[in-house]
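This one's a predicted model, so the numbers in the text were calculated from it and none came from an experiment. Note that ligands are numbered from 1 as they come in the structure, with each ligand's atoms numbered from 1 the same way. The residues of the chain are indexed from 1 along the displayed sequence.
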Amino acid sequence: MNQLVDHKALAHSHPLPALKAGTAVPVSVSFGDGIGPEIMQASLKVLLAAGANIAIEPVEIGERVYRRGHSAGIGPEAWESLRRTKIFYKAPITTPQGGGFKSLNVTIRKSLGLFANVRPVRAFAPFVATKHPGMDVVIVRENEEDLYAGIEHRQTDEVYQCLKIVSRPGCERIVRYAFEHARANGRRKVACFTKDNIMKLTDGLFHTVFDEVGAEYPDIEKQHWIVDIGAARLAADPGRFDVIVTPNLYGDIVSDIAAEIAGSVGLAPSANVGQHGAMFEAIHGSAPALAGQDAANPSGLLLAGVMMLLHIGQRQAAERLHNAWLKTIEDGIHTFDIFKEGSSRQKVGTSAFADAVIARLGQEPAVLEPVRYEGEAHAFAVPSAKPTIPAVKGLIGVDVFVHRAGRDAEGLAAGMQSAANGSYDLVMITNRGVKVWPNGLPETSLTDHWRCRYMVKPDKQLNKAMIAELQMRLAQAGIDFIKTEHLCTFDGQPGYSLGQGQ
Ligand code: NAD
């Protein structure tokens with residue numbers, strides 16, 4: 001691999017309309033909170049000095065906007081700018097503590113359909129200390145689904161739930177993006193991390209789609225790892241990985257671990273890419289304790305700026321900037337987070353680091369490999385998923401979730417059976433997913449949250465009205481049911497999981 005930031009394909013993945021020579025590309029820019037304003041000013045200064053032809057549209061997001069009553073930290077003017085420019089260069093923001101606030105990042109990613117979060121992670125040994133000098137991994141994280149759907153409920157005195165939403169089109173888009181990215185960048189392997197030994201339907205779908213889509217890329221080696229051992233191996237031996245594609249939550253965790261073991265979270269950039277726009281940012285947060293000290297490392301945001309320049313087709317500026325940055329790192333001009341007595345040459349603050357990069361524009365590193373973005377790069381379109389072919393769906397039962405204190409599974413079963421009214425068989429009751437009736441174990445610890453599974457009797461045809469009638473009978477019997485889930489087959493295959501111990 002030639003590139004230290006491996007994302008030249010991004011330059012082609014979301015082509016902009018042809019611009020007249022000299023027309024500046026409008027970019028929405030937020031200065032953020034904490035260290036945000038310092039590192040954004042430093043980064044913009046370097047970008048412009050490197051020849052970036054961008055028209056900066058400042059937008060306000062973050063802490064002050066939250067405090068003005070916008071629950072996601074973003075107001076209508078900022079939305080208007082983002083939807084028009086379709087390019088967002090974003091400094092980190094502070095999310096206020098406490099309830100009532102939604103994550104700004106998750107809101108922007110999901111509202112604008114930025115489904116792919118691309119995080120290249122590389123070591124810069126011997127200039128930045130790292131246990132893994134050869135580390136060179138790209139993490140492609142799904143950005144819109146999974147537990148980040150943010151659908152949570154308190155259901156009983158004791159139990160809360162968070163819904164994990166995984167769609168086939170969502171899996172297809174991200175997996176295909178990972179394979180296209182690998183192919184366009186000359187990478188040989190794509191590894192998929194899931195927990196499908198436990199979450200057989202949701203993570204199982206991600207794995208299945210990985211196998212299906214992967215079959216279209218015979219030139220690329222494919223591996224599947226259970227996320228826990230995969231993450232452990234990544235931390236111990238990152239050389240065995242090339243591109244990793246993984247659902248949202250695992251990707252969030254794994255990419256921070258990867259950035260940290262490569263050297264510093266202060267060095268890692270990320271791109272959030274979709275069909276209707278892209279957002280570029282550092283992976284770190286607003287580091288409030290460092291704010292106002294001119295000390296923070298602007299490199300993550302600066303390298304995100306390189307990704308943005310590639311994305312908008314300004315490859316010459318991207319290459320100049322990136323090579324000057326590499327030369328600065330190589331010359332031992334380091335901010336405090338990567339400064340090491342003996343190996344670094346000069347400890348500098350945020351603005352002096354930016355000036356050092358500017359002073360090296362036009363130079364290339366001698367030991368680290370220079371980047372080459374000017375040459376021919378392979379284009380790929382941001383993938384869309386195949387249209388969904390509806391399955392033949394059969395309604396065959398219903399899970400009823402009940403709030404009930406105490407350990408009396410037999411008593412609950414008797415009440416639920418009498419509400420069945422000859423239409424259903426009560427086949428099991430679980431508590432936190434473990435079967436406790438019939439034949440539960442006395443050792444199983446119980447909560448006040450029960451799931452009662454009814455299957456329609458073989459001689460009956462189930463319909464929604466019968467489920468509504470069942471709910472009426474449960475209500476009349478004083479059973480505190482908190483939700484129902486329909487049990488369906490799709491083309492004859494069960495669309496629900498079994499109880500543990502069933
Ligand atoms: P953080 O990333 O801000 O800081 C974690 C640690 O990394 C701190 O020790 C900090 O000193 C160090 N660090 C981070 N960036 C650095 C840099 N550029 N140079 C040198 N050192 C750096 O994480 P946190 O403390 O958990 O979060 C602080 C705030 O940032 C919270 O409000 C959080 O919600 C927010 N946050 C925002 C984003 C974003 O806007 N994309 C991402 C993560 C966290």
Ion pair check, Asp219 and Arg188, cut-off under 4.0 Å: no
Atom 1 (P) of ligand 1 touched by protein (heavy atom, under 4.0 Å): yes
Closest approach of Ala317 to Ala52 (non-hydrogen atoms, all atoms of both residues): CB-N, 3.9 Å
Residue pair Arg372, Glu319: steps toward the salt bridge (Lys or Arg N to Asp or Glu O under 4.0 Å) verdict: CA-CA 6 Å; Arg372 295 280 173 253; Glu319 188 175 302; 3.8 Å; yes
Any N or O of Ala282 closer than 3.5 Å to N or O of ligand 1: no
Distance filter under 4.0 Å to Lys90 heavy atoms, resulting ligand 1 atoms: 39 (C), 40 (O), 41 (N)
Within 6.0 angstrom of Lys483 NZ, more than 12 heavy atoms from elsewhere: yes
Per-atom contacts, ligand 1 versus Asp337 - under 4.0 Å to a heavy atom: 20 (C)
Per-residue contact class, Leu104 against ligand 1 - non-hydrogen pairs under 4.0 Å: neither
Backbone N/O of His449 and side chain of His403: donor-acceptor pair under 3.5 Å: no
Shortest protein heavy-atom distance from atom 29 (C) of ligand 1, along with the residue and atom involved: Ser286 OG, 3.2 Å
Side-chain donor/acceptor of Glu158 to backbone N/O of Asp448, under 3.5 Å: yes
Any N or O of Ile93 closer than 3.5 Å to N or O of ligand 1: yes
Heavy-atom protein neighbour under 4.0 angstrom from atom 24 (P) of ligand 1: no
Lys110 side chain to Thr107 backbone, donor-acceptor under 3.5 Å: no
Gly300 heavy atom under 4.0 Å from ligand 1: no
CZ (Arg84) with more than 12 external heavy atoms under 6.0 Å: yes
Atom 6 (C) of ligand 1: nearest protein contact (heavy atom, Å): Val265 CG2, 5.0 Å
Thr95, Leu267, Thr350, Ile61: member with heavy atom nearest to atom 34 (O) of ligand 1: Thr95
cation_pi(Arg233, Phe193) dist<6.0 Å, angle<=45: no
Any protein heavy atom nearer than 4.0 Å to atom 20 (C) of ligand 1: yes
Whether over 12 other heavy atoms sit under 6.0 Å from Lys164 NZ: yes
Polar proximity ligand 1 side, Ala287 side, N/O cut 3.5 Å exclusive: yes
Under-4.0 Å protein heavy-atom contact, atom 11 (O) of ligand 1: yes
Contacting atoms of ligand 1, where contact means under 4.0 angstrom from a heavy atom of Leu290: 11 (O), 20 (C), 21 (N), 22 (C)
Sub-3.5 Å N/O-N/O distance, Asn297 and ligand 1: yes
Main-chain N/O of Leu114 paired with Asn272 side-chain donor or acceptor, under 3.5 Å: no
Test item: protein heavy atom less than 4.0 Å from atom 39 (C) of ligand 1: yes
Under 4.0 Å to a heavy atom of Pro288 - the qualifying atoms of ligand 1, by number: 28 (C)
Part of Asn105 with heavy atoms under 4.0 Å of ligand 1, whether side chain, backbone, both or neither: side chain
Asn185 side chain to His181 backbone, donor-acceptor under 3.5 Å: yes
Minimum-distance protein heavy atom relative to atom 14 (C) of ligand 1: His284 CB, 3.7 Å
Heavy-atom protein contact below 4.0 Å for atom 27 (O) of ligand 1: no
Selection from Gly285, Pro96, Gly73 by shortest heavy-atom distance to atom 44 (C) of ligand 1: Gly285
Test item: side-chain donor near acceptor, Ser167 and Glu145, under 3.5 Å: yes
Salt-bridge contact Asp203-Lys195 (side-chain N to carboxylate O under 4.0 Å): no
Numbered atoms and elements of ligand 1 in range of Phe336, under 4.0 angstrom, heavy atoms: 20 (C), 21 (N)
